[in-house]
Amino acid sequence: MPLRAYLGLIRSLAIYYNPLRRRQLRAFYGDLLQPGDLAFDIGAHVGSRSRAMRAAGARVVACEPQEPFAGFLRRSLPRDIVLVQKAIGPSEAVAQMAVSSLHPTVSSLSTSFAAEAAGAPGFGHVRWDRSQQVQMTTMDALIATHGLPDFVKIDVEGFELDVLSGLGQPLPMLSVEYLPAFRDRTLAVIDRLEGLGRYRFNPVTGEAGGFLWDEWRDADAVRAWLAALPPEGGSGDLYARLA
């Protein structure tokens, strides 16, 4: 494994194991999840959210195909968190991941994301310098093995719609990352969710420790909110739950 990949791991650990961030995540998931809930962490990265979900009492399945992160999770996750070293996508397949060694949170299985991101605000310093072959399975297969989750976190850098393409039933609650520079991808996710069930939505901006809105809003309200965001705006997570 190239030295740059390990430097990327160290950088991610410094960012995501910040004590303040860890406290915020534990409090947030403590309010969102109930003890005994089943949660899937799709794109687990260094496992900070998996651990916060577990701290809330959830049973956690963490999915992470990228090395050296999968290896780090194998060695460090609590034994009662199930680690699946696979990507989640539209089919059972072998896929190529475009990897940014020094900025591994933007590594992606989307064939177009890296090319589009190269000219997007906030990505000028990022380079996708290698590729990694990964095993891919589907959300439906994951559910068949582990059960229907109460909550799914999806953070896969432009591959969210592909993840949901491998899902044939509505989920009670989920979140996807949004990037204002790629709002069309989030809009496509909203369309996909509407095809599965009647959802209401609420964003978490950046690393804020709570929801942006006091009430959950319908898809049209979220579309209008996304349309008003400047392309150079920061990322966040869009939460959806069945109405």
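All values below come from the heavy atoms of this structure, side chains included, with hydrogens, waters and symmetry mates left out.
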ask   = Is it true that Val204 and Leu226 fall in one hydrophobic cluster, defined by side-chain heavy atoms closer than 4.5 Å?
value = no
note = So OG of Ser108 and CD of Gln66: to nearest 0.5 Å the spacing works out to 10.0 Å
ask   = Which heavy-atom pair separates Gly168 from Leu196 by the least distance, and what is that distance?
value = C-CD2, 4.2 Å
message = I want to check something: taking the side chain as every heavy atom from C-beta on, are Pro170 and Arg198 in contact at a cut-off of under 4.5 Å?
response = no
key: CG on Leu77 to CZ on Phe72, rounded to 0.5 Å   = 7.5 Å
Using residues 27-43 as the side-chain source, report each donor-acceptor pair under 3.5 Å to any protein atom, sequence neighbours left out, with the distance given to one decimal.
unit_1: Tyr29; atom_1: OH; unit_2: Arg49; atom_2: NH1; d: 2.9
unit_1: Asp37; atom_1: OD2; unit_2: Gln34; atom_2: N; d: 2.8
unit_1: Asp41; atom_1: OD1; unit_2: Lys153; atom_2: NZ; d: 2.6
unit_1: Asp41; atom_1: OD2; unit_2: Ser50; atom_2: N; d: 3.2
unit_1: Asp41; atom_1: OD2; unit_2: Ser50; atom_2: OG; d: 2.6

task = Provide the closest heavy-atom pair for Leu174 versus Tyr199 in the form atom of the first, atom of the second, distance.
result = CD2-CE2, 3.8 Å
query = Would a 4.5 Å heavy-atom cut-off, applied to side chains only, mark Phe182 and Glu177 as touching?
reply = no
task = Indicate if Leu148 and Val60 have the same hydrophobic cluster label, given that clusters are the connected sets of ILVMFWY residues with side-chain heavy-atom separations under 4.5 angstrom.
result = no
task = Taking the side chain as every heavy atom from C-beta outward, state whether Leu179 and Phe113 have any atom pair closer than 4.5 Å.
result = yes
request  = Take Glu67 and Arg74 through the salt bridge (Lys or Arg N to Asp or Glu O under 4.0 Å) test and state the conclusion after the steps.
outcome  = CA-CA 11 Å; Glu67 291 291 0; Arg74 279 196 308 273; 3.5 Å; yes
message = Are the side chains of Leu171 and Pro149 in contact, using a 4.5 Å heavy-atom criterion?
response = yes
inquiry  = Membership question, hydrophobic clusters at under 4.5 Å side-chain separation (ILVMFWY): are Ile81 and Val46 in the same one?
reply    = yes
ask   = Taking the six-membered ring of Trp225, is NZ or CZ of Arg217 closer than 6.0 Å to its centre and within 45° of its axis?
value = no
request  = Could you check if a side-chain atom of Ile154 sits within less than 4.5 angstrom of a side-chain atom of Met139, using non-hydrogen atoms only?
outcome  = yes
message = Can you confirm whether Arg200 is buried at CZ, in the sense that more than 12 heavy atoms of other residues, nucleotides or ligands lie under 6.0 Å from that atom?
response = yes
remark   = d(His45 NE2, Leu73 CG) to nearest 0.5 Å is 9.5 Å
query = Is it true that Leu102 and Leu3 fall in one hydrophobic cluster, defined by side-chain heavy atoms closer than 4.5 Å?
reply = yes
request  = For residues Met173 and Trp216, report the shortest heavy-atom separation together with the two atoms involved.
outcome  = SD-CH2, 4.5 Å
Pairs under 3.5 angstrom only: tabulate donor-acceptor contacts from the side chains of residues 185-193 to other protein residues two or more places apart or in another chain.
unit_1: Arg185; atom_1: NH1; unit_2: Ser110; atom_2: OG; d: 3.4
unit_1: Arg185; atom_1: NH1; unit_2: Gly158; atom_2: O; d: 2.8
unit_1: Arg185; atom_1: NH2; unit_2: Ser112; atom_2: OG; d: 2.9
unit_1: Arg185; atom_1: NH2; unit_2: Glu116; atom_2: OE1; d: 3.3
unit_1: Arg185; atom_1: NH2; unit_2: Glu116; atom_2: OE2; d: 3.3
unit_1: Asp191; atom_1: OD1; unit_2: Arg223; atom_2: NH2; d: 2.8
unit_1: Arg192; atom_1: NE; unit_2: Leu164; atom_2: O; d: 3.1
unit_1: Arg192; atom_1: NH2; unit_2: Leu164; atom_2: O; d: 3.1
unit_1: Arg192; atom_1: NH2; unit_2: Leu167; atom_2: O; d: 2.5

key: Distance (rounded to the nearest 0.5 Å) between Tyr17 OH and Leu25 CG   = 10.0 Å
Donor-acceptor pairs under 3.5 Å, side chain of residues 89-101 to any protein atom, not counting sequence neighbours: which ones?
unit_1: Glu92; atom_1: OE1; unit_2: Thr137; atom_2: OG1; d: 3.3
unit_1: Glu92; atom_1: OE2; unit_2: Thr137; atom_2: OG1; d: 2.5
unit_1: Gln96; atom_1: NE2; unit_2: Gln133; atom_2: OE1; d: 3.4
unit_1: Ser100; atom_1: OG; unit_2: His103; atom_2: N; d: 3.3
unit_1: Ser100; atom_1: OG; unit_2: Arg127; atom_2: O; d: 2.9
unit_1: Ser101; atom_1: OG; unit_2: Asp129; atom_2: OD1; d: 3.1
unit_1: Ser101; atom_1: OG; unit_2: Asp129; atom_2: OD2; d: 3.0
unit_1: Ser101; atom_1: OG; unit_2: Arg130; atom_2: NE; d: 2.9

ask   = When rounded to the nearest 0.5 angstrom, what is the spacing between CZ in Arg22 and CZ in Arg51?
value = 7.5 Å
inquiry  = Show the nearest heavy-atom pair for residues Ile88 and Phe159, with the distance to one decimal.
reply    = O-CE2, 3.5 Å
request  = For residues Thr138 and Ile143, determine if any side-chain heavy atom of one lies less than 4.5 Å from a side-chain heavy atom of the other.
outcome  = no
message = Pairing donors with acceptors under 3.5 angstrom, does anything connect the side chains of Arg11 and Thr105?
response = no
task = Could you tell me which non-hydrogen atom of Arg183 sits nearest to which non-hydrogen atom of Ala228, and how far apart they are?
result = NH1-N, 4.4 Å
inquiry  = Count I, L, V, M, F, W, Y as connected when their side-chain heavy atoms are under 4.5 Å apart, and connections chain through other members. Are Ile15 and Phe69 then in the same cluster?
reply    = yes
inquiry  = Using side-chain heavy atoms (C-beta onward) and a distance below 4.5 Å, is Pro203 in contact with Trp213?
reply    = yes
query = Would you say Leu109 and Asp162 make side-chain contact, with heavy atoms under 4.5 Å?
reply = no
request  = Indicate the atoms forming the closest heavy-atom contact of Gly234 with Tyr178, along with that distance.
outcome  = O-CE1, 3.9 Å
